[in-house]
There are 2 protein chains.
Amino acid sequence: MKADIPLAAVAVDLVILTVRQDALMALAIRRGIPPFKGQWALPGGFVLPDEDLDAAARRELAEETGLADFRAHLEQLATYGTPGRDPRGRVVSVAYLALAPDLPFPSAGSDAAAARWGPAADLVGELAFDHPQILNDAVERARAKLEYTPLAAAFCADTFTIAELRHVYEVVWGVELDPRNFHRKVTSTHGFVVQADGTTTRDGGRPAQLFSVGPAEVLRPPLMRTGAAGEDR
Amino acid sequence: MKADIPLAAVAVDLVILTVRQDALMALAIRRGIPPFKGQWALPGGFVLPDEDLDAAARRELAEETGLADFRAHLEQLATYGTPGRDPRGRVVSVAYLALAPDLPFPSAGSDAAAARWGPAADLVGELAFDHPQILNDAVERARAKLEYTPLAAAFCADTFTIAELRHVYEVVWGVELDPRNFHRKVTSTHGFVVQADGTTTRDGGRPAQLFSVGPAEVLRPPLMRTGAAGEDR
DNA sequence: TCAAAAGTGTTGAACATACACCCATGT
DNA sequence: ACATGGGTGTATGTTCAACACTTTTGA
C-alpha cells in the first residue's frame with residue numbers, strides 16, 4: 001500500500017438489546033483495561049487482520065455473551081469515526097445492532113471485568129466513549145424496524161405466544177396495544193408468524209397457542225403501526 | 001496506540017443519485033490510477049488524518065461534483081470491509097448516499113480522468129471493486145426512504161411543482177402514480193411541502209403552483225405508499 | 001378551439017379502532 | 001365459582017384508489 005495513506009484502527013462495537021423485566025435492556029461491559037478502566041461501555045473489540053466486519057461482530061457477540069452459534073438477529077448499524085473519540089488514537093468503530101431473546105447470559109468475557117444488563121434509557125447516561133450516541137441510534141433503529149419488519153420475534157424464544165410478541169412492541173415503543181386487535185393483525189398478516197405445536201399457560205388464563213417465526217419470505221408492507229389501546233367499558 | 005492493533009486504510013465512497021431523463025442515475029468516475037485504472041467506479045477517497053467521516057464525504061462530494069457548498073442530502077449508508085475488496089490492502093470503506101437535483105455538473109475531479117451520469121441499473125454491471133453491491137444497497141435505501149421521509153424533494157430544485165415531485169417517485173419506484181391522488185396526498189400532509197411564490201408552465205398546460213420543502217419538522221408518519229395509477233374512462 | 005397539464009369532488013372498498021362478548025384454564 | 005388471560009365478532013370512523021369533472025394555459 002502507498003505510504004502516504006493514513007491508517008486507523010478498526011473496531012466493532014455491539015449494542016445487544018433484549019426485552020427483560022418490562023424494559024428494553026442493553027448489555028454493558030465494565031472495562032478491565034484503560035482507557036476508561038472501570039467504567040461501563042458497549043462490548044466490542046478490534047477487527048482482526050483478514051477478518052470480515054460481520055465476522056468480527058459475530059465473534060464479539062459470541063465472546064461477550066458466552067454463547068456460540070447464537071440465535072440472534074445481527075445487523076450493521078452505523079460507523080463512528082470522529083477524530084478523538086478514542087484517546088488511544090484514530091479508531092473507526094463499526095457499530096452493530098443485535099436483538100436477542102431474554103436468556104440468562106453467562107456473560108463476562110475476555111477483557112471485561114464484569115457485564116450486566118441495564119435499561120437502555122439508564123445506560124445512555126453511563127457509558128464511556130461516544131457509546132451513549134451509539135446506543136441512542138441503536139434504540140431508534142430498533143424502534144423503527146419493528147414498524148416495517150417482522151423483527152420483533154427476534155426478541156422472543158423459538159416459540160412464543162401472541163401476547164409475548166405484543167409485549168415486545170409495548171416495551172420497545174412504550175405504548176399499550178389492544179390485545180385483541182393485535183392478535184388479529186399479527187395472525188392475519190401472511191408470513192409473519194406460523195402456528196407451532198402446543199399451547200402454554202405460562203402467562204395464566206386460557207392456554208395460548210404457540211407460534212414461531214414464518215419462513216424467510218419477503219414482507220414489504222408495513223407490519224405494525226401504533227394502534228392504541230382500549231378498555232372494555 | 002498499542003503496537004499489536006491491526007490497522008487499515010479508511011475510505012469514503014459516494015453514491016450520488018439524481019433523477020435525470022426519466023431514469024435514476026448515479027455518478028461514476030473513470031479511474032485515472034491503479035488499481036482498476038480506466039474502469040468505472042464510485043467517487044471516493046481516503047479519509048484524512050483528523051478528518052471526520054462526514055466531513056470526508058462532504059469534501060469528496062464537493063471535489064467530484066465540482067460544486068462547493070452543495071445543497072444535497074447526504075447520509076451514511078453502510079461500511080464495507082471484507083478483506084481483499086481492495087487489492088492495495090486492507091481498506092475499510094464507509095459508503096455515503098447523496099441525493100442531488102438534476103444539475104449540469106462540471107464533474108471530473110482530482111484523480112479522475114472522466115466522470116459521467118449513468119442509469120443505476122446499468123452501472124451495477126460496470127463498476128469496479130465491490131461498488132456494484134454498494135450501488136445496489138444505495139438504491140434500495142433510497143427507495144425505502146422515499147416511503148417514510150420527505151426526502152424526495154432532495155431530488156428537486158429549490159422550488160418545484162407537485163408533478164415534478166411525483167416524477168421522482170415514479171422514476172425511483174418504477175411505478176405510475178395517480179396525479180390527482182398524489183397531489184391531494186402531498187399537499188394535505190402537514191410539513192411536507194409549503195407553497196412558494198409563483199407558478200410555472202414549464203411542463204405545459206395549466207400553470208402549476210410552485211412549492212418548496214417544508215421547515216425541518218418531524219415527519220414520522222408514512223408519507224407515501226404505492227397508490228397505483230388509474231385512467232379516466 | 002383543442003390539447004395538455006393542474007387541481008377539486010365524490011364514491012365504494014379496505015383497513016383500523018374500540019369495544020362486547022365468549023372460551024379455557026388455574027385456584 | 002371466579003379471576004385471568006386467549007381469542008372472535010362487529011360497528012364506526014378513517015384512509016385510499018379510482019375516476020368524473022372543472023380550470024388555465026400554449027398552440
Side-chain angles (χ1 to χ4, degrees), chain A residues 22 146-148 156 159-170 173 175-190 192-212 219-233, chain B residues 22 146-148 156 159-170 173 175-190 192-212 219-233:
Chain A
D22 295 347
L146 289 206
E147 268 193 39
Y148 55 95
C156 297
T159 64
F160 48 87
T161 68
I162 300 297
E164 287 162 356
L165 188 62
R166 172 167 49 85
H167 187 63
V168 169
Y169 284 93
E170 292 181 329
W173 287 348
V175 298
E176 271 195 29
L177 301 174
D178 186 298
R180 297 154 293 189
N181 292 335
F182 183 89
H183 186 282
R184 208 195 331 269
K185 189 156 184 171
V186 165
T187 53
S188 69
T189 300
H190 176 71
F192 195 170
V193 296
V194 295
Q195 237 184 41
D197 290 335
T199 59
T200 181
T201 58
R202 59 189 171 222
D203 299 326
R206 166 175 165 181
Q209 178 66 50
L210 287 172
F211 291 84
S212 57
L219 265 177
R220 279 253 127 306
L223 287 166
M224 282 289 130
R225 214 149 304 279
T226 48
E231 290 283 288
D232 286 345
R233 204 180 306 162
Chain B
D22 295 348
L146 290 206
E147 268 193 39
Y148 55 94
C156 297
T159 64
F160 49 86
T161 68
I162 300 297
E164 288 162 355
L165 188 64
R166 173 167 49 85
H167 187 64
V168 169
Y169 283 94
E170 292 181 329
W173 286 348
V175 298
E176 272 195 27
L177 300 174
D178 186 299
R180 297 154 291 189
N181 292 334
F182 183 89
H183 186 281
R184 208 194 332 269
K185 190 156 184 170
V186 165
T187 53
S188 69
T189 300
H190 177 70
F192 194 168
V193 295
V194 295
Q195 235 184 43
D197 291 336
T199 59
T200 182
T201 58
R202 60 189 171 222
D203 298 327
R206 167 176 167 182
Q209 178 65 52
L210 286 173
F211 291 83
S212 58
L219 264 177
R220 278 258 129 299
L223 286 166
M224 280 290 131
R225 213 148 304 277
T226 46
E231 290 284 290
D232 286 345
R233 202 181 306 160

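Here the structure is a predicted model, which means the values were calculated and not measured.
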> For His183(A) and dG6(D), is the shortest distance between a side-chain N/O and OP1 or OP2 below 4.0 Å?
Replying inline: no
>> Output the rounded distance in Å from CZ (Arg202(A)) to C1' (dT4(D)).
In response: 16 Å
>> If the condition is side-chain hydrogen bond (donor to acceptor under 3.5 Å, both in side chains), which residues does Arg206(A) pass it with, not counting sequence neighbours?
In response: none
> Closest approach of Asp178(A) and Asn181(A), non-hydrogen atoms and distance?
Replying inline: OD1-N, 3.1 Å
> Once you round it to whole Å, what is the distance between P of dG7(D) and CG of Leu177(A)?
Replying inline: 16 Å
>> Report for the helix from dT1(C)-dA27(D) to dT27(C)-dA1(D): angle between first-end and last-end helix axes, five pairs each, rounded to 10 degrees.
In response: 0°
>> My understanding is that only residues two or more places apart in sequence, or in another chain, count here; which of them pass side chain to side chain contact (heavy atoms under 4.5 Å, CB included) with His167(B)?
In response: Val19(B), Asp22(B), Glu170(B), Val171(B)
> When the distance from CD of Glu176(A) to C1' of dT17(C) is rounded to whole Å, what number comes out?
Replying inline: 15 Å
> Separation of Lys185(A) atom NZ from dA18(C) atom C1', in whole Å?
Replying inline: 14 Å
>> Donor-acceptor check, side chain of Gln209(B) to backbone of Thr161(B), threshold 3.5 angstrom: yes or no?
In response: no
> Please give, in whole Å, the distance from dG5(D) C1' to His167(A) NE2?
Replying inline: 15 Å
> With a 4.5 Å limit on heavy-atom distance, are the side chains of Arg166(A) and His183(A) in contact?
Replying inline: no
> Gln209(B) CD to dA5(C) C1': how many Å, rounded?
Replying inline: 15 Å
> Looking at Ile162(B), Val186(B), Val194(B), which one forms a side-chain contact (heavy atoms from CB on, under 4.5 Å) with Phe211(B)?
Replying inline: Ile162(B)
Are any protein N/O atoms closer than 3.5 Å to N/O atoms in nucleotides 24-26 of chain D? If there are, list each pair with its distance.
residue	atom	partner	partner atom	Å
dT24(D)	O2	Arg206(B)	N	3.3

>> Taking side chain to side chain contact (heavy atoms under 4.5 Å, CB included) as the definition, give me every residue that meets it alongside Thr201(A), ordered by chain and number, with sequence neighbours left out.
In response: Pro207(A)
> Can we call the ring centroids of Phe182(B) and Tyr169(B) under 6.0 Å apart?
Replying inline: yes
> Taking CG from Asp178(B) and P from dT8(C), how many angstroms apart are they, rounded to a whole number?
Replying inline: 14 Å
>> Rounded at 0.5 Å granularity, tell me how far OG1 in Thr159(B) sits from CD in Gln195(B).
In response: 12.0 Å
> Are side-chain heavy atoms of Trp173(B) and Val168(B) found at a separation under 4.5 Å?
Replying inline: no
Contact list (N/O, under 3.5 angstrom) for nucleotides 9-13 of chain D vs protein:
residue	atom	partner	partner atom	Å
dG9(D)	N7	Arg184(A)	NH1	3.2
dG9(D)	O6	Arg184(A)	NH2	2.9
dT10(D)	O4	Arg184(A)	NH2	3.3

> In whole angstrom, what separates Arg166(B)'s CZ from dG7(C)'s C1'?
Replying inline: 12 Å
>> For a side chain to side chain contact (heavy atoms under 4.5 Å, CB included) check, start with the C-alpha distance between Ser212(A) and Val193(A), then their side-chain angles and the critical distance, and finish with the verdict.
In response: CA-CA 6 Å; Ser212(A) 57; Val193(A) 296; over 6 Å; no
